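Scope of the values below: all heavy atoms of this structure, side chains included, with no hydrogens, waters or symmetry mates. Lettering follows sequence order; numbering is per chain, from 1. If you're wondering where the values come from, they're calculated on a predicted model, not measured in any experiment.
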Amino acid sequence: MERSSGIRVRFAPSPTGWLHIGGARTALFNWLFARHNDGKFLLRVEDTDRERSNAEMTQGILDSLRWLGLDWDEEIVYQSKGINRHKAIVQNLIDNNKAYRCFCSTDELKEKREAAEKSGGAYLYDGLCRDLSKETIAQKIDENIPYTIRFRMPEGSTEFDDTVRNNVCVQNRELDDFIILRSDGTPVYQVAVVVDDHDMGITHVIRGDDHLSNAPKQIQIYRALNWEVPCFGHVPMILGPDKKRLSKRHGATSVSQYKTDGFLAEALINYLALLSWSPGDDREILSRNELIDAFTVERISRNASVFDVVKLEWMNAKYIHSLSNIELLEELRPDMDAKALSSVSDKFMLQLISLLKERMKRITDFNEQSHYFFTDPVDFEEKAVKKHWLKEGVAERLSIIIKKYESIENWNEQALEDVLRNLAEELEVGAGKLIHPVRLAVSGLGNTPGIFEVLVLLGRESVIRRLYRGVEWIKSKS
RNA sequence: GGCGCAUUCGUCUAGUGGUUUAGGACGCUGGCCUCUCACGCCGGUAGCACGGGUUCGACUCCCGUAUGCGCUACCA
C-alpha cells in the first residue's frame, strides 16, 4: 500500500523558541507536499546554536507538530551531531581550493564594514586573504593567528528556478566570500544545511521566504562539492495586521498558545493551508485528506499573507460545530478536570454540549458560557436587569410563573413552554415579558440558549430556587 | 545604502489576453427565522498601487515609479 516516489522533504526548525505559526505553515506545506506525492517528510532539528537552543524547546516543537498531526518519517536528525561531518566537508573544500583560510580579525573586518557603510557603499570582503601563498599561510598558522574559512565564490552569476516564484538570478559578487567555518572551528549554518540536506537525500527544499537569499550561496556550495542541487521553493511570509512579519509583538504566535486558546488542530491546519495557497476552486473548509489531495507547490502564491485571527475563529467555529457531542466532550475534558467538574455525568455534559455547541467559537468558550449550569448565579448582568427586571409588574409575574412551574406535572420543554405562553396570554403580555425575566433569574445573563431547554436541563428544583431568589432580588431594589 | 522578492475588495483569495458589469470567503451591514444570543438562509458593501508601452483588445505580457517585505553576521 505504501509506496515511495523518491521525493524527500524536510522541516528544519531551530529550537530557539516554540513552534510558531510561520514555522507550522512551512511544516504543513512540506508535509502536504510529501503526503500528496507519496514522499517522505523528515525532521531535522537545527540545534547548532548551542547558546540559544535547548532540549525543552525541541520537545515543545515536537509536541506541537504531533498535536497538529504532522507526523514525520524516519529518525529525527539533530544537526549538532553532524558537526564533524560538516568540518570534514569544509576541509574537503579547502583541499580542492574551493575555500581558503582568512586571517583577518573580527575587529579589522568590523572597521572595514563600518567604513564602507559610512561612505554609503555596501560592504563585501575585500579578498585580502584570498590568495595568500602557502608560506604565509604556514607562517600565520605557526604564529597561532586565529583564522576562519571563507568560501571562494566563483565569478559570474547564480540562477535558479524557484518552484514557487519565477527564476531568481543574482550576481555572485553579491554573494561574497562568506565565512563557512568560524575561528573556533565550528561550521556555519550554510554548510550545515547543504551537507545535511544532501546526506538526508532531500529532493525539494520548501522553506520560508527569508531563506531566499541564502539559496544562491547554498547552490554554490553544492556545485563546489559536485553535488546535485535540490529544487527550491520559497514560501511567502506570514504577516501581522500591520503587514510586518508575524512576531510576538502581534500577540499569540506559538502553536501551543492557539491550542490553549481553544483552537482545534484541524481548524488551524485548514486555516494555515489557506495562507498563500488555495485549492483553486471555492472550497474553504477542507479536510486533511482533501488538502493532501489538492496540494501542489505550483499553487502556492508569491504573496505574503496577513494572519487573520477573526477568520481563524470563524473556521474554528465551523469545526467545533461539525464535531459530534461525544467528540466535543473529549475536547472539553482536559479543561473540565482543571475546573473540578469531572464529577458531572457524561449524560449531563452531552446535553449541555448540545445546547452550547452552536454558540462556541473556541473550546474555551464552553467554560465561560456554562458556569450557571453548575452554580446559582450571584451576579446579574446589569444591562439585562435594567431591561427586564426593573420594570413594572415583573416580580408579580415571576411569582405567578413560579406557582405554575411548581405545580407542573412533567418537567419537559413542551409543558414548560405551554404553561408560560398560556400565562402570557392570560396576563395579556408578550411571552418575552416572562421569558426574559426568567432567563435572567436562572442564568444571571441576558443571552442564553433557548430558555425552555435551559430550564429542563437545570431541573425543577434549581429553577424554582433561582426564580424565588430573583423575585427577592427585584423586591429588594424597589 | 546594496541585492532580492512581491503588489486583485479592510483581510484570505479565484483569475494565467477577449468567457468578467472582476468570482468566492472572513469582516462589516440590511432582512428573514425567533424567547435573547448563536447557528442557518436571503441581500448589500468594497478591489485589479501608479505611469508608460506591447496588442484589435490587458487584472492578466514588458519597462519604469511608488510602496511593502526579506537578506545584507565568525545566528539559524
Side-chain angles (χ1 to χ4, degrees), chain A residues 12-16 46-49 51-53 79 102 104-106 109-110 113 116-117 119-124 146-150 162 164-166 168-171 173-176 178-186 188-190 192-193 208-217 234 236-237 239 241 243-245 271 274-285 301-308 310-315 317 321 356-361 365 369 384 387-388 417 420-421 424 430-436 438-440 443 445-452:
Chain A
S14 55
T16 52
E46 307 210 320
D47 54 352
T48 47
D49 185 347
E51 285 182 20
R52 294 194 300 153
S53 307
Q79 190 160 67
C102 171
C104 299
S105 74
T106 318
L109 293 170
K110 201 172 172 188
R113 180 177 305 117
E117 276 165 9
S119 61
Y123 174 78
L124 288 170
Y147 59 87
T148 60
I149 305 297
R150 285 183 184 273
D162 192 287
V164 176
R165 33 200 92 233
N166 305 319
V168 180
C169 182
V170 286
Q171 297 302 311
R173 216 197 113 63
E174 301 292 335
L175 265 26
D176 208 2
F178 60 93
I179 289 170
I180 55 178
L181 193 82
R182 301 185 189 90
S183 51
D184 67 358
T186 59
V188 127
Y189 166 74
Q190 307 285 10
V193 227
D209 212 346
D210 47 344
H211 287 283
L212 187 59
S213 32
N214 284 328
K217 288 182 183 175
H234 290 91
M237 306 267 84
L239 278 19
K243 306 268 182 120
K244 298 240 187 275
R245 179 203 201 135
Y271 179 73
L274 261 26
L275 254 27
S276 294
W277 179 83
S278 88
D281 47 42
D282 284 341
R283 286 131 88 209
E284 298 261 20
I285 304 290
S301 97
R302 296 132 303 260
N303 308 130
S305 50
V306 173
F307 188 83
D308 182 7
V310 177
K311 185 156 184 178
L312 204 213
E313 224 170 27
W314 163 79
M315 193 170 276
H321 301 169
L356 264 19
K357 189 160 72 178
E358 289 299 323
R359 276 154 257 259
M360 294 170 61
K361 281 184 162 157
D365 287 343
Q369 295 174 10
K387 196 168 173 191
H388 302 302
E417 177 156 11
L420 185 138
R421 287 194 188 280
K433 286 271 190 291
L434 291 169
I435 289 174
H436 297 302
V438 168
R439 166 177 289 116
L440 223 203
S443 70
L445 303 173
N447 305 324
T448 71
I451 189 64
F452 305 109

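Taking side-chain N and O atoms only, A:R439 has no distance below 4.0 Å to OP1 or OP2 of B:C37. The side chain of A:N303 places an N or O atom within less than 4.0 Å of a non-bridging phosphate oxygen (OP1 or OP2) of B:U7. An OP1 or OP2 oxygen of B:U13 is reached within less than 4.0 angstrom by a side-chain nitrogen or oxygen of A:S305.
In a base pair of the Watson-Crick type (N1 to N3 plus N6-O4 or O6-N4) or a G-U wobble (N1-O2 and O6-N3), with each distance short of 3.5 Å, B:U11 is matched with B:A25. Nucleotide B:C69 is matched to B:G4 when pairs are restricted to Watson-Crick or G-U wobble geometry with both distances under 3.5 angstrom. For B:C74, there is no paired base (Watson-Crick or G-U wobble, both distances below 3.5 Å). The base-pairing partner of B:A46, taking Watson-Crick or G-U wobble contacts with both distances under 3.5 Å, does not exist among the strands shown. When both distances must be under 3.5 Å, the Watson-Crick or G-U wobble mate of B:U20 does not exist. With a 3.5 Å ceiling on both atom-pair distances, the Watson-Crick or G-U wobble partner of B:C32 is B:G40. In this structure, B:U55 makes no Watson-Crick or G-U wobble pair, since no nucleotide meets both defining distances under 3.5 angstrom.
Remark: the A:R165 side chain and the B:C5 base include no donor-acceptor N/O pair separated by less than 3.5 Å. Interface remark: the A:R302 side chain does not form any donor-acceptor pair with the B:C5 base, using a distance-only criterion of under 3.5 Å.
Within a 6.0 Å sphere centred on CZ of A:R173, other residues, nucleotides and ligands contribute 12 heavy atoms or fewer. More than 12 non-hydrogen atoms from other residues, nucleotides or ligands lie less than 6.0 angstrom from NZ of A:K217.
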| Quick one: what's the B/S/- string for nucleotides 69-74 of chain B, heavy-atom cutoff under 4.0 Å, read 5' to 3'? | SSS-SB
| request: Sugar-phosphate means primed atoms, P, OP1 and OP2; the rest is base. With that split, encode nucleotides 20-27 of chain B 5' to 3' as B, S or - using protein heavy atoms under 4.0 Å. | output: ----BBSS
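Taking atom C1' in both B:A73 and B:A22, the straight-line distance is 46 Å, to the nearest Å. For the C1' atom pair drawn from B:G27 and B:U67, the interatomic distance equals 25 Å after rounding to whole Å. Comparing the C1' positions of B:A25 and B:C9 gives an interatomic distance of 12 Å, to the nearest angstrom. Comparing B:A38 with B:G47, their P atoms sit 28 Å apart, to the nearest whole Å. Comparing B:U8 with B:G15, their P atoms are spaced 14 Å from each other, to the whole Å. B:A14 and B:A49 have their P atoms separated by 14 Å, with the value rounded to a whole Å. Taking atom P in both B:G1 and B:A46, one finds a spacing of 38 Å when rounded to whole Å. Using atom P as the reference point in both B:U29 and B:A66, the two lie 39 Å apart (nearest Å).
With rounding to the nearest 0.5 Å, the separation of CD1 in A:I179 from CD in A:Q190 is 11.5 Å. The structure places CG of A:N447 at 10.0 Å from CG of A:L440, a figure rounded to the nearest 0.5 Å. Taken from CG in A:N214 to CG in A:L175, the straight-line distance is 9.5 Å, to the nearest 0.5 Å. Note: A:D162 CG to A:H234 NE2 = 6.0 Å, rounded to the nearest 0.5 Å. Here the straight-line distance linking atom CD of A:E46 with atom OG1 of A:T48 works out to 6.5 Å at 0.5 Å rounding.
A:L445 places its CG atom 14 Å from the C1' atom of B:A38, with the value rounded to the nearest Å. We find that CD of A:E417 is positioned 12 Å from P of B:U34, with the value rounded to whole Å. Taking atom CG on A:N447 and atom C1' on B:A38, their separation rounds to 9 Å, with Å as the unit. For A:I285 and B:C12, the CD1 to C1' distance is 13 Å, given to the nearest whole Å. B:U36 atom P lies 9 Å from atom NZ of A:K387, rounded to whole Å. In this entry the distance linking CD of A:Q369 with C1' of B:U36 reads 13 Å, nearest Å. To the nearest angstrom, C1' of B:C35 lies 3 Å from CD1 of A:I435.
The residue among A:M360 and A:S14 whose nearest nucleotide of RNA chain B lies closer to the 5′ end is A:M360. Residues A:L275 and A:G446 both approach RNA chain B. Their nearest nucleotides, taken by heavy-atom distance, put A:L275 toward the 5′ side.
Counting any heavy atom pair closer than 4.0 Å across all strands shown, A:P216 reaches no nucleic acid atom. Contact annotation for A:I451: base contact, defined as any heavy-atom pair under 4.0 Å involving a base atom. Among the protein residues, A:T186 comes within range of no part of the nucleic acid, since none of its heavy atoms lies under 4.0 Å from any strand. Looking at heavy-atom distances under 4.0 Å, A:G450 makes contact with a base.
Classification of the A:Y189-A:H211 ring pair by plane angle, with boundaries at 30° and 60°, yields tilted.
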| said: The test is side-chain contact (heavy atoms from CB on, under 4.5 Å); show your working for A:K387 and A:H436 and say whether it passes. | reply: CA-CA 9 Å; A:K387 196 168 173 191; A:H436 297 302; over 6 Å; no
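Of all the heavy atoms in A:W314 and A:E284, the pair that sits closest is CH2-CB, 4.4 Å. Heavy atoms only, all atoms of each residue included: A:P146 and A:S183 are closest at CB-CB, 4.4 Å.
Between A:D209 and A:R165, at least one side-chain nitrogen of the basic residue sits less than 4.0 Å from a carboxylate oxygen of the acidic one, meeting the salt-bridge criterion.
Here the side chain of A:Y189 is nearest to one of B:U13, B:A76, B:C12, namely B:A76.
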